[in-house]
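Note sheet for the following structure.
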Amino acid sequence: MRYYTNGFEGFNYEKTPDGKFKLTEVGQTAFQNNTPVPDEYGGGGYQDGQSKINSMIMSDFVYDPDTGEFYNNNYWSSTIEANKTALTTAWQEAYGATNPTDYYIKNNMIDIVPNINTSLGSDSSDVKNKRSQVSDYVKNTSWKMIFAKNEAEYKQLWDKMKTDVVGLGWNEVVAADKAKAEKIVKLRTEAMANQ
């Protein structure tokens with residue numbers, strides 16, 4: 001599984017003093033750059049060695065027994081630490097958690113629910129058009145808000161957006177989404193009752 005998800009130790013990743021793994025410089029960009037692979041590992045370009053089957057033999061969200069971390073290198077403690085930013089650190093301090101999942105668990109905000117495989121149907125053409133208009137408007141206004149010259153301009157754009165989206169069909173889009181969500185809640189409730 002380690003080879004399948006992360007390639008070769010010493011080439012893609014290396015062991016750290018605490019017995020976990022850390023991506024090497026090559027491992028961070030090997031796939032994107034199609035890095036040449038040394039002959040000792042089979043040669044060719046890095047992408048040549050990737051599985052062409054759109055399926056995994058098992059999930060990479062399984063713990064590697066040697067490290068106690070997921071096989072998925074995006075969740076290695078070394079990768080998380082390397083990707084930390086000032087925003088990440090500020091968020092962790094503000095919420096007292098390492099990530100959103102940690103916050104939800106600490107605050108008893110996660111529950112296991114049955115997986116419901118159902119079709120929620122497509123939006124009507126009217127709702128589809130309104131969703132598109134609202135989406136475009138919110139994106140454009142959000143960019144203007146990001147680059148507002150001061151707090152007053154930001155607040156003016158925010159207040160105007162809240163009013164304008166209603167005129168573009170916000171309430172109808174929310175009602176359509178709420179109906180879909182209520183269907184899922186109902187089906188999950190029924191599934192739990194039948195256990």
Side-chain angles (χ1 to χ4, degrees), residues 1-7 9 12-23 27-28 30-32 50-124 127-128 130-132 134-135 138-139 142 162 165-166 169-195:
M1 189 62 188
R2 200 177 298 147
Y3 287 130
Y4 189 81
T5 56
N6 297 302
E9 185 175 350
N12 298 82
Y13 57 93
E14 58 197 9
K15 206 163 233 163
T16 61
D18 62 358
K20 300 188 184 304
F21 291 124
K22 173 185 173 186
L23 290 171
Q28 293 173 31
F31 184 78
Q32 298 90 319
Q50 295 295 299
S51 174
K52 305 302 184 236
I53 301 170
N54 191 19
S55 181
M56 295 193 68
I57 55 176
M58 64 191 251
S59 171
D60 57 354
F61 286 101
V62 171
Y63 288 104
D64 180 332
D66 293 338
T67 65
E69 295 191 308
F70 290 129
Y71 285 105
N72 185 320
N73 64 55
N74 291 312
Y75 293 87
W76 290 351
S77 53
S78 59
T79 305
I80 292 168
E81 187 63 31
N83 291 334
K84 257 189 182 177
T85 64
L87 178 60
T88 308
T89 304
W91 187 94
Q92 289 173 339
E93 290 170 4
Y95 288 93
T98 55
N99 56 47
T101 303
D102 182 39
Y103 175 82
Y104 298 144
I105 290 169
K106 285 179 177 178
N107 291 282
N108 199 27
M109 298 169 74
I110 288 184
D111 200 0
I112 297 172
V113 296
N115 182 23
I116 301 300
N117 188 8
T118 186
S119 171
L120 297 175
S122 301
D123 286 339
S124 68
V127 169
K128 191 180 210 176
K130 288 177 180 179
R131 184 182 305 278
S132 176
V134 168
S135 174
V138 169
K139 286 178 209 168
S142 296
K162 288 191 297 185
V165 293
V166 172
W170 172 267
N171 292 335
E172 293 83 354
V173 172
V174 169
D177 289 348
K178 186 176 177 186
K180 290 176 184 177
E182 287 170 347
K183 179 179 179 182
I184 292 172
V185 168
K186 180 178 181 287
L187 291 170
R188 284 181 176 160
T189 302
E190 290 170 359
M192 294 294 284
N194 293 329
Q195 287 187 353

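Computed from a predicted structure; not experimentally measured.
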Is there a side-chain contact between Glu172 and Arg131 (heavy atoms, below 4.5 Å)? no

| request: Determine whether Glu81 and Trp76 make a side-chain contact, defined as any pair of heavy atoms from C-beta on separated by less than 4.5 Å. | output: no

Taking Thr79 for the side chain and Tyr75 for the main chain, is one N or O donor matched with an acceptor at less than 3.5 Å?
-> no

Can Asn115 and Arg188 be said to form a side chain to side chain contact (heavy atoms under 4.5 Å, CB included), step by step?
CA-CA 8 Å; Asn115 182 23; Arg188 284 181 176 160; 5.8 Å; no

**Asked** Is the number of heavy atoms from other residues, nucleotides or ligands under 6.0 Å of Tyr63 OH greater than 12?
**Response** no

Q) Around Trp170, counting heavy atoms of other residues, nucleotides and ligands shown, do more than 12 lie under 6.0 Å from its CH2? A) no

Is a side-chain N or O of Lys183 found less than 3.5 angstrom from the main chain of Ser119, in a donor-acceptor match?
-> yes

Checking Ser132 side chain against Lys128 main chain: does a donor-acceptor pair fall under 3.5 Å? no

Residues passing the side chain to side chain donor-acceptor pair (under 3.5 Å) test with Thr88, sequence neighbours excluded, are Thr85

Separation between CD1 (Ile80) and NZ (Lys84), nearest 0.5 Å, reads 9.5 Å

Can you confirm whether Tyr4 is buried at OH, in the sense that more than 12 heavy atoms of other residues, nucleotides or ligands lie under 6.0 Å from that atom?
yes

| request: Answer whether the closest heavy-atom distance between the side chains of Asn73 and Thr5 falls below 4.5 Å. | output: no

**Item:** Lys180 side chain near Ile184 side chain, heavy-atom distance below 4.5 Å
**Value:** no

Taking every heavy atom of Ala30 against every heavy atom of Asn12, the minimum-distance pair comes out as CB-ND2, 4.3 Å

The reported gap from OH in Tyr13 to CG in Leu23 (rounded to nearest 0.5 angstrom) is 10.0 Å

Distance col, row Lys22:NZ vs Thr16:OG1, nearest 0.5 angstrom, shows 8.5 Å

Note to self: If the threshold is 4.0 Å, N to carboxylate O, is there a salt bridge linking Glu182 and Lys186?
What the structure shows: no

### Query
Does Glu69 reach the side chain of Phe21, with side-chain heavy atoms less than 4.5 Å apart?
no

Checklist line | Residues Lys130 and Asp123 bridged, charged N to O under 4.0 Å | finding: no

Below 4.5 Å, heavy atoms only, C-beta onward: do Glu14 and Glu9 meet side chain to side chain? no

query: So does Lys20 have more than 12 non-hydrogen atoms from other groups sitting under 6.0 Å from NZ?
result: yes

All heavy atoms of Val134 vs all of Gly169, minimum pair found to be CG2-C, 4.3 Å

Heavy atoms of other groups near Asn108 CG, more than 12 under 6.0 Å:
no

Exercise answer: donor-acceptor pairs, residues 95-102 side-chain atoms, under 3.5 Å, sequence neighbours excluded:
unit_1 : atom_1 : unit_2 : atom_2 : d
Thr98  : OG1    : Asp102 : OD2    : 3.3
Asn99  : OD1    : Thr101 : N      : 3.1
Asn99  : OD1    : Asp102 : N      : 2.7
Asp102 : OD2    : Thr98  : N      : 2.8
Asp102 : OD2    : Lys106 : NZ     : 3.4

Across all chains, not counting sequence neighbours, the ring-ring contact (aromatic ring centres under 6.0 Å, His included) partners of Tyr71 are none

So CD1 of Ile112 and CE of Met192: to nearest 0.5 Å the spacing works out to 9.0 Å

Shortest non-hydrogen pair, Ile116 vs Ala191, comes out as CD1-CB, 4.2 Å

d(Met1 CE, Asp64 CG) to nearest 0.5 Å is 9.5 Å

